[in-house]
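To keep things clear, I will list the structure first and then write my remarks on it.
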Amino acid sequence: MRPTPRCLLIALLGFAACVPALVIGPAWWVAWPIYVGALVGAIGLDLAFSASARQFTAASSMSAVGYVGAPVTLTLHLTTGRKAPPALRVALTAPAELVGERHRELATTAQTTYDVAFSLRPVRRGAYQVSTCMLQWLGPLGLLSHRLDLALHGEVSIAPNIEKVKQAAIRVAHASNYIGQRIQRYIGDGSEFEQLREFQAGLDHRAMDWKASARHRKLYARQFQAERNHQVIVGVDCGHIMNEVSGGATKLDHAIHEALWLAWVGLQAGDKVGFAAFGAQLAAWTPPANGQAGFAQISKRAAGLDYSPEETNFTLCMTELMSHLQRRALIVIYTDLVDSVMAELLTDNLTRLAQRHAVILAVMQDEALRSHALAEPGTYDDVARAVVAAELQRERLRVFERLRASGVHWVEVPVGQMSIAVIDKYLELKRREVF
């Protein structure tokens, strides 16, 4: 409880009005106790009339599990006293990782129970608790501001947005001929025998099966399909550069969403998919597996990744990763490039990795850098900013050209968007049996 600006203004004006009584004479000094008594009495009446309004109880309800970037609704159930104040200001005490509206204005009526809904959007994974809510209202005379803190027990565990991955994957499954069992049928490609078919003009003569042709007295050709059970390793950089919030979530969470989507597609295509996370050391490793059990294992391991303040040690991580792989695999790495030193280390390690494995580097697209480079300059600062941005973009392109010359495939992934470019690259390499 504290005085309102109206109360302080009345007190100041009353004090100014009573000051001349000190100059006029002792007979007027009685104005001071009258003024003080009137002010205290008014404050007492304001307090007495709003005393019953302090009878509040609160409870909250929210989902036990939420997803990064997806709104979580917390419903606050308020029960008021016999005479509720005409207007209430409701505020939540929630962690900074739950972004959204924290304050609501509630106009009360004759009822005694109210439900107030707050929409919160988590930007990081983890377990978060909404511990208290604050109720604030004015007395009938507007002289006192009352505040009441009530304990809550709302807790939510934020996980990677699996629902978003599933929805995107389902859309792709209906739109693409490459998803599911159809991915195995590439006429003329692959090394795994599928069937014999009658030879037709346009087929490769090298696929002719002369023994079958002689047996059936017709020309027959062998048809192949892409080989199954390849090993695909989906890797995520979880160093400090991935802690930046962009597009409503950290770059690490965006990378996890992309990695889970690629893992789902790879498992649907019949490959074995593993998961790796790179930090100061190999932060997580899940051996390649297939089926729904493999996806559940990858999802659980990805959900447990922590936000690291340390720099990624690509040399150590790539060395540890190679020690886990006994056969050729496709390795897809989601990361970001922020400076030339990191790019140099990454290029050297990926070049060495590409000597034994097929490698795809998925780099987060820097929209701010692109917008600065393309923005129309209006001042000298805008020109300088555009020049620096253009130079940084040229450095990124030079890095990509070096990677391409070393046999590393690269894709720039828009932050916050489910990019199909990485999946297309994976399917292309699978069809060509590069891994």
Problem set entry | Y220 backbone acceptor or donor facing D209 side chain under 3.5 Å | no

Problem set entry | Side chain to side chain, P160 and H257, heavy atoms closer than 4.5 Å | yes

Exercise. How many angstroms lie between CG in L427 and CG in L262, if you round to the nearest 0.5 Å?
Worked result: 8.5 Å

Seminar exercise, completed: One should read off an interatomic distance between M322 CE and Q355 CD, to the nearest 0.5 angstrom, of 8.0 Å

Exercise. What's the verdict on side-chain contact (heavy atoms from CB on, under 4.5 Å) for D237 and D336, showing C-alpha distance, side-chain angles and the deciding distance?
Worked result: CA-CA 8 Å; D237 181 2; D336 194 12; over 6 Å; no

Exercise. Could you state the interatomic distance from CG (L403) to OG1 (T347), rounded to the nearest 0.5 Å?
Worked result: 4.5 Å

For this session: Find the distance between CG (L345) and CG (N313) and round it off to the nearest 0.5 Å.
Result: 8.5 Å

Exercise. Are H324 and L282 side-chain neighbours, meaning at least one heavy-atom pair lies under 4.5 Å?
Worked result: yes

Exercise. Is there a donor-acceptor pair closer than 3.5 Å between any side-chain N or O of R328 and the backbone N or O of R356?
Worked result: yes

Exercise. Do W285 and L321 come within less than 4.5 Å of each other through their side chains, counting heavy atoms only?
Worked result: yes

Problem set entry | Gap separating the CZ atom of F314 from the CG atom of L353, nearest 0.5 angstrom | 11.5 Å

Exercise. Closest approach of C317 and F278, non-hydrogen atoms and distance?
Worked result: CB-CD2, 3.5 Å

Exercise. When you measure from the side chain of H254 to the backbone N and O of S246, does any donor-acceptor pair fall under 3.5 Å?
Worked result: yes

Exercise. What pair of heavy atoms forms the shortest contact from G304 to R125, and how long is it?
Worked result: C-NH1, 4.3 Å

Exercise. If you take all heavy atoms of V236 and A255, which pair is closest and at what distance?
Worked result: CG1-CB, 4.0 Å

Exercise. Rounded to the nearest 0.5 Å, how far does CE of M242 lie from OH of Y334?
Worked result: 10.5 Å

Exercise. Just by modelled atom types, is the L337 backbone N or O under 3.5 Å from a matching donor or acceptor in the R396 side chain?
Worked result: yes

For this session: Please answer whether the main-chain N or O of E310 pairs with a side-chain N or O of S308 as donor and acceptor at a distance below 3.5 Å.
Result: yes

For this session: Would you mind checking if R398 and E391 are paired as a salt bridge, meaning a charged N to carboxylate O distance below 4.0 Å?
Result: yes

Exercise. Is any side-chain heavy atom of T250 closer than 4.5 Å to a side-chain heavy atom of V123?
Worked result: no

Exercise. Which pair of non-hydrogen atoms, one from G294 and one from L267, has the smallest distance, and what is that distance?
Worked result: C-CD1, 4.2 Å

Exercise. In terms of side-chain heavy atoms, does Y307 have a donor or acceptor partner in D253 at a distance below 3.5 Å?
Worked result: yes

For this session: Scan M364, E311, M342 and name whichever one has a side-chain contact (heavy atoms from CB on, under 4.5 Å) with I241.
Result: M342

For this session: For residues L361 and L346, determine if any side-chain heavy atom of one lies less than 4.5 Å from a side-chain heavy atom of the other.
Result: yes

For this session: State, to 0.1 Å, how close A58 and L152 come at their nearest heavy-atom pair, and which atoms those are.
Result: CB-CD2, 4.1 Å

Exercise. side-chain contact (heavy atoms from CB on, under 4.5 Å) between T312 and T335: does it pass, once the steps are laid out?
Worked result: CA-CA 10 Å; T312 305; T335 185; over 6 Å; no

Exercise. Using 30° and 60° as the class limits, which term best fits the ring planes of W410 and F400: parallel, tilted or perpendicular?
Worked result: parallel

Exercise. So do the side chains of L325 and I331 get within less than 4.5 Å of each other, counting heavy atoms only?
Worked result: yes

For this session: Would you check, one step at a time, whether the test side-chain contact (heavy atoms from CB on, under 4.5 Å) holds for L76 with R104?
Result: CA-CA 11 Å; L76 187 63; R104 293 289 299 276; over 6 Å; no

Problem set entry | Sub-4.5 Å side-chain heavy-atom contact between R124 and I158 | no

Problem set entry | Check ion pair K425-E428 (N to O, under 4.0 angstrom) | yes

Exercise. Under a 4.5 Å cut-off applied to non-hydrogen side-chain atoms, are E344 and R402 in contact?
Worked result: yes

Problem set entry | H77 side chain to A59 backbone, donor-acceptor under 3.5 Å | no

Exercise. With the threshold set at 4.0 Å, does a side-chain nitrogen-carboxylate oxygen contact exist between E258 and K251?
Worked result: no

For this session: Kindly determine whether L350 and M318 satisfy side-chain contact (heavy atoms from CB on, under 4.5 Å), including the steps that lead there.
Result: CA-CA 8 Å; L350 292 185; M318 297 303 169; 4.1 Å; yes

Problem set entry | Distance-only donor-acceptor check, side chains D348 and T351, under 3.5 Å | no

Problem set entry | Minimal non-hydrogen separation, G66 against V72, with atom names | CA-CG2, 4.1 Å

